[in-house]
Amino acid sequence: MAPKSQTASSSNPLTIPKETNLPTIPSEAEANPRYKCFVRFLNTSYLHQALTMNPTLYVDVLEGFWRIAMVSTMAKEDGTSFQEITCTIGGKQLQFGEKDINEALGFKVEGHDAEANDTEMVAFLDLIKYADEIDMAKLNKKHVRREWSFLFDALQKVFLCRKTGWDHISHIVVKLAYSLAHNQEINVGAIILKELAQRLGRTVCGRGHICILST
């Protein structure tokens, strides 16, 4: 979700701003009557904490993150690898990976269900009566009912690194919606980490040289 356009004090970049970020979804009592059942569903889902948490976001810190953060690719003893985001905030170097993301957002860190594949996502979109030819690269909210448009919009504004193009439905959001509809818990931390890595477009590999990620 995009932060409000308020910049922290230049003398103290961590000064708490007067306004904070707003939760993506309202309480059921505040919701439009047409969407109450969807709000109730989201508020009781495994995504609940990520959708309703209201953190203070520091614009200077976020801008600094997107300017300097890199993806570190680390080798495991078994020959596989994993990724972490590395950045420096307030002079302190920080690293975080999918486990940290899952813990911060209240998701479990192991024992996840498998993500939906393309065939399953197409079947899901057909089930909710997507009103156009289903092309996973060209999905648009105008082809779904308003209730589903509300759900996709809420998910996109939390889980995507995007400033514009909100009418386009990302395959990531379809996977999340599928998991909700089938009472599954997928590895959201891994999804967010992959999204960040693709958007950052740069990684530190092996011996510290810079590699460009394909996006």
Side-chain angles (χ1 to χ4, degrees), residues 1-7 17 19-28 30-43 45-59 61-63 65-67 69 85 101 104-105 107 115-116 118 120-122 124-181 186 188-201 213 215:
M1 191 188 325
K4 294 189 174 182
S5 57
Q6 179 162 346
T7 305
E19 295 179 324
T20 60
N21 201 44
L22 297 177
T24 300
I25 59 175
S27 66
E28 186 178 343
E30 299 171 316
N32 183 304
R34 181 167 189 164
Y35 305 133
K36 281 187 181 290
C37 64
F38 275 76
V39 171
R40 185 186 312 119
F41 176 64
L42 290 172
N43 273 318
S45 74
Y46 80 105
L47 300 178
H48 164 74
Q49 184 168 319
L51 291 168
T52 59
M53 66 193 310
N54 186 16
T56 297
L57 299 181
Y58 304 100
V59 175
V61 172
L62 292 175
E63 290 176 344
F65 171 81
W66 286 109
R67 187 171 59 252
I85 303 292
I101 295 172
L105 296 178
F107 303 134
E115 297 177 15
D118 285 350
E120 291 170 326
M121 287 191 285
V122 169
F124 170 69
L125 290 166
D126 187 57
L127 180 66
I128 66 173
K129 302 188 183 303
Y130 185 82
D132 194 27
E133 179 183 357
I134 299 176
D135 181 341
M136 295 304 296
K138 299 179 180 179
L139 299 176
N140 194 292
K141 290 193 302 180
K142 69 182 181 181
H143 298 306
V144 298
R145 291 171 51 189
R146 289 183 181 179
E147 295 86 347
W148 283 103
S149 179
F150 164 81
L151 183 142
F152 287 136
D153 187 66
L155 295 178
Q156 293 197 150
K157 288 182 177 177
V158 169
F159 296 106
L160 297 186
C161 301
R162 182 184 291 180
K163 292 182 178 180
T164 60
W166 297 114
D167 287 338
H168 170 65
I169 303 172
S170 166
H171 72 284
I172 292 175
V173 166
V174 178
K175 286 183 179 182
L176 291 170
Y178 181 96
S179 74
L180 291 171
I186 60 179
V188 181
I191 290 174
I192 293 175
L193 185 67
K194 183 178 180 180
E195 173 80 352
L196 285 171
Q198 289 177 334
R199 296 299 178 180
L200 287 168
L213 292 175
T215 58

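How far CZ of F38 is from CG of L180: 10.5 Å, rounded to the nearest 0.5 Å. Taken to the nearest 0.5 Å, the CD atom of Q198 stands 9.5 Å off from the SG atom of C161. Between atom NZ of residue K175 and atom CD of residue E115 there is a gap of 4.0 Å, rounded to the nearest 0.5 Å. Here the CG atom belonging to D153 is positioned 10.0 Å from the CD1 atom belonging to I169, to the nearest 0.5 angstrom.
Annotation for Q49 and L105: closest pair CB-O, 3.5 Å, computed over non-hydrogen atoms. Residues L51 and A154 come closest through the heavy atom pair CD2-O, 4.0 Å. Closest approach of F41 to A181, counting heavy atoms only: CZ-N, 4.3 Å. When all heavy atoms are compared, the tightest approach of K141 to W166 is CE-O, 3.2 Å. Of all non-hydrogen atoms in H168 and A137, the two that sit nearest each other are CE1-O, 3.3 Å. Considering every non-hydrogen atom in both Q156 and V173, the closest pair reads CG-CG2, 3.1 Å.
The pair E195-R199 counts as a salt bridge, with a side-chain nitrogen and a carboxylate oxygen less than 4.0 angstrom apart.
Side-chain contact between L42 and L47 is absent, with no heavy atoms from C-beta onward closer than 4.5 Å. Residues K194 and I172 are not in side-chain contact: their nearest non-hydrogen atoms beyond the backbone lie 4.5 Å or more apart. A heavy-atom distance below 4.5 Å is found between the side chains of M136 and I134. Side chains of L176 and F159 form a contact here, defined as non-hydrogen atoms less than 4.5 Å apart. The closest side-chain heavy-atom distance from V188 to I101 is not below 4.5 Å. V39 is listed as a side-chain neighbour of F150, based on a closest heavy-atom distance under 4.5 Å.
Summarising the local packing, NZ of K36 is surrounded by more than 12 heavy atoms from other residues, nucleotides or ligands at distances under 6.0 Å.
Scanning for side-chain contact (heavy atoms from CB on, under 4.5 Å) contacts around A177 gives F124, L151, F152, L155, with sequence neighbours left out. Applying the side-chain hydrogen bond (donor to acceptor under 3.5 Å, both in side chains) criterion to S179, with sequence neighbours excluded, gives Y46. With sequence neighbours excluded, the residues satisfying side-chain contact (heavy atoms from CB on, under 4.5 Å) with N140 are Y130, K142, H143, D167.
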Inset, instruction - Let me see the working for L200 and I85 under side chain to side chain contact (heavy atoms under 4.5 Å, CB included), right down to the final yes or no. - result: CA-CA 10 Å; L200 287 168; I85 303 292; 3.8 Å; yes
